[in-house]
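This report refers to the structure that appears directly beneath it.
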Amino acid sequence: MRSDDIKKGVNKAWHRGLIKASGFTDEEINRPLIGIACAANEIVPGHLYLNVIADAVKAGILSAGGTPILFPTIGICDGIAMGHEGMRYPLASREHIADSVEIMIEAHRLDGMVLIPNCDKIIPGMLMAAARLNIPSILISGGPMLAGRFKGKDISISTVGECQGKLAAGKIELSELQAMENCCCPTWGSCAGMFTANTMNCMAEALGMALPGNGVIPAVYSERVRLAKETGKQIMYLINNDIKPLEIMTENAFYNAIATDMALGGSTNTVLHLPAIAYEAGLKLNLDIFNEISDKTPHLCNMSPAGPYHLQDLYEAGGVQAVMKELNKKGLIYNDALTVSGKTIGENYAGAEIHRSDVIRTIEDPWDENGGIAVLWGNLAPLGAVVKRTAVAKEMWRHQGPARVFDVEEDAQDAIFNNEIKKGDVVVIRYEGPKGGPGMREMLIATSALVGLGLDKDVALITDGRFSGATQGPAIGHISPEAIEGGPLALLKDGDIVEIDIYKNKIEVHLSDEELAERKLQWKAPEPKVKKGYLYQYSKMASSASEGGIFKRYEDE
């Protein structure tokens with residue numbers, strides 16, 4: 001065992017003495033030592049109760065003959081960080097989380113690990129660490145919160161964002177917004193729609209790195225605690241059978257995850273996170289593969305924010321396993337992919353059934369013949385851009401209009417709330433990419449305001465930043481190369497005509513190559529927005545969004 005490095009032999013008396021100072025007995029020290037990376041904290045609703053999950057994991061490990069060792073990681077709530085300077089940190093925190101797990105596991109020579117995240121960047125950060133370390137590992141999230149109820153309808157935090165726009169438009173009273181604020185998040189857990197956190201928890205299940213149910217069992221259900229106990233037991237199975245992440249996170253597993261994502265209509269942030277996890281696994285996911293899989297994968301689930309259903313509905317309907325089983329009818333799943341259950345994906349979903357056909361449609365009757373995400377290309381995005389097309393009204397799949405250019409998100413927000421954006425406009429928010437932001441902020445407040453103002457069928461928003469999984473409407477992000485690197489977005493001026501055609505995967509500005517080249521000669525990069533601290537370091541190391549915003553860490557790069 002790896003932990004022999006700190007516990008076996010007369011020369012390890014020093015180490016054993018320190019471990020015993022933490023209360024461990026000789027018997028406990030002699031067992032496999034299992035690290036539990038837990039992102040619990042007291043501000044994030046998805047993380048508030050993760051110590052309860054950790055206690056259940058500990059019980060499972062102890063019952064199966066291991067010794068659990070808990071350690072913390074950070075975890076940011078993207079929603080609380082949204083719309084201000086704090087939003088520069090969440091994506092950047094992903095790399096920090098991966099590094100912190102690596103540091104704790106390697107420094108203490110632990111034999112295996114259980115990963116306990118629940119929100120947007122924490123899930124991929126921990127999975128990146130699992131791929132990098134390649135020791136027996138398993139993930140158990142805290143699960144989704146229940147949807148709120150308001151005037152007889154299910155709502156979530158994204159509903160509140162849209163109502164902020166309605167308030168600005170004079171469509172509702174302040175009292176209605178305040179009432180909704182008090183009931184939109186009724187329990188702890190990750191936000192109730194198919195936003196980034198829940199998308200990534202479903203991806204962990206589809207990748208095979210979490211047990212069935214991880215993506216959908218509500219946080220407040222006792223079944224979530226039971227799953228945590230089973231997860232604790234299962235890490236011991238993985239250790240005893242020497243099953244490691246790189247045997248699970250194969251090319252076929254990533255294909256399964258992308259296909260499942262397309263069927264679910266998940267967050268565009270998966271186009272950042274799955275390539276980043278794959279990178280740590282020694283694989284490369286080009287943006288082309290997302291279009292390739294999306295073009296043949298039907299959209300089966302119309303989840304919030306695009307549709308009316310929340311994660312509790314998907315749970316009742318049969319969950320991720322039922323979706324994958326349905327996709328397999330069209331040959332879209334690699335059934336023999338290994339999972340942390342010790343079984344294959346096909347064996348996992350063998351007994352799954354669709355219990356609510358309104359939530360999970362059949363392969364013969366999908367919401368759409370194509371998947372939820374599309375990658376767009378053109379002279380405005382030579383390296384690609386990303387849109388959640390299932391959240392865009394069909395009227396806006398083709399749009400052409402004048403650019404309204406903003407160099408920072410807050411200026412665009414002010415213009416939207418002050419009713420300065422007109423029907424037909426294309427709002428451009430630039431210098432918000434991984435390097436230029438720095439941190440590639442999400443634009444949820446801006447997009448939600450457009451929806452609330454009733455402009456989502458008239459106004460598009462494009463950016464080198466990104467969007468929350470809670471975003472709906474014609475919001476196109478990840479434009480690469482980003483503006484700070486002199487990408488075409490940096491060259492736009494107010495009034496330039498931007499053309500978007502989601503049917504043809506195209507995003508263009510009506511300027512000649514010669515005009516763009518002339519503007520490039522005159523362009524100068526603006527001063528960095530941040531010149532110290534972690535964000536400055538991140539801005540120097542982060543790659544393009546088209547590569548997942550990763551740090552390139554390996555010698556041959």
Non-hydrogen atoms of [X] and [Y] that approach each other most closely:
X	Y	value
L285	A278	CG-CB, 3.8 Å
G439	L91	O-CB, 3.5 Å
L238	V340	CD2-O, 3.6 Å
G143	A219	O-CB, 3.6 Å
A391	A306	CA-CB, 3.8 Å
C301	I360	SG-CG1, 4.0 Å

With distance as the sole test, does [X] use its side chain to make a donor-acceptor pair with the main-chain N or O of [Y] at under 3.5 Å?
X	Y	answer
R389	G371	yes
E205	G213	yes
K12	D5	yes
D154	Y309	no
S341	K343	yes
N256	Y334	yes
Y534	A92	yes
N41	G75	yes
S93	P90	yes
T187	L146	yes

Should the pair [X]-[Y] be classified as a salt bridge under the 4.0 Å nitrogen-to-oxygen rule?
X	Y	value
D464	K435	no
K20	D26	yes
R361	D368	no

Compare all side-chain heavy atoms of [X] with those of [Y] and state whether any distance is below 4.5 angstrom.
X	Y	result
E95	M128	yes
M194	L311	yes
H108	I69	no
M203	I123	no
V101	R132	no
S156	C191	no
W367	P298	no
M262	F290	yes

From [atom1] ([X]) to [atom2] ([Y]), nearest 0.5 Å:
X	Y	atom1	atom2	value
H478	L287	NE2	CG	9.5 Å
M200	L272	CE	CG	10.0 Å
T268	H273	OG1	NE2	9.0 Å
M303	L264	CE	CG	7.5 Å
C38	I140	SG	CD1	11.5 Å
E353	Q321	CD	CD	13.0 Å

Just do the salt bridge (charged side-chain N to carboxylate O under 4.0 Å, His left out) check on K329 and E326 with the steps written out, would you? CA-CA 6 Å; K329 293 179 180 177; E326 195 64 23; 3.0 Å; yes
Quick one: side-chain hydrogen bond (donor to acceptor under 3.5 Å, both in side chains) pairs with a partner in residues 236-255, sequence neighbours left out?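 side-chain hydrogen bond (donor to acceptor under 3.5 Å, both in side chains) check on residues 236-255 returns Y255-K296.
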Please determine which of I239, L70, L62, L110 meets the side-chain contact (heavy atoms from CB on, under 4.5 Å) test together with I34.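 For I34, the side-chain contact (heavy atoms from CB on, under 4.5 Å) check succeeds only for I239.
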Which of these, T339, N214, L127, sits in a side-chain contact (heavy atoms from CB on, under 4.5 Å) with M209?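 Result: among T339, N214, L127, L127 is the only option passing the side-chain contact (heavy atoms from CB on, under 4.5 Å) with M209.
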Before giving the answer on side chain to side chain contact (heavy atoms under 4.5 Å, CB included), spell out for I157 and F195 the whole-Å C-alpha distance, their side-chain angles and the decisive distance to 0.1 Å. CA-CA 10 Å; I157 192 66; F195 312 149; 4.0 Å; yes
May I have the step-by-step check of salt bridge (charged side-chain N to carboxylate O under 4.0 Å, His left out) for R31 and E27, ending in yes or no? CA-CA 7 Å; R31 297 172 181 168; E27 180 185 359; 3.0 Å; yes
Show your reasoning for whether side chain to side chain contact (heavy atoms under 4.5 Å, CB included) applies to E106 and R2. CA-CA 9 Å; E106 290 290 67; R2 285 162 44 95; 2.8 Å; yes
Taking the six-membered ring for Trp, are W188 and Y49 parallel (under 30°), tilted (30 to 60°) or perpendicular (over 60°)?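 Rings of W188 and Y49: parallel, under 30°.
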Who pairs with Y315 by ring-ring contact (aromatic ring centres under 6.0 Å, His included), at least two apart in sequence or on another chain?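 By the ring-ring contact (aromatic ring centres under 6.0 Å, His included) rule, Y315 matches Y221.
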Begin with the C-alpha distance, continue with both residues' side-chain angles, and end with the deciding distance and a verdict on side chain to side chain contact (heavy atoms under 4.5 Å, CB included) for E102 and D99. CA-CA 5 Å; E102 174 193 353; D99 290 350; 4.3 Å; yes
Take a 6.0 Å sphere around NZ of K229 and say whether it holds more than 12 heavy atoms from other residues, nucleotides or ligands.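 12 or below, so no.
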Just by distance, no angles: are the side chains of R224 and S141 close enough, under 3.5 Å, to form a donor-acceptor pair?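 Indeed, the side chains of R224 and S141 share at least one donor-acceptor pair under 3.5 Å.
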Please lay out, stage by stage, how F254 and L207 fare under the test side chain to side chain contact (heavy atoms under 4.5 Å, CB included). CA-CA 6 Å; F254 282 98; L207 270 173; 3.7 Å; yes
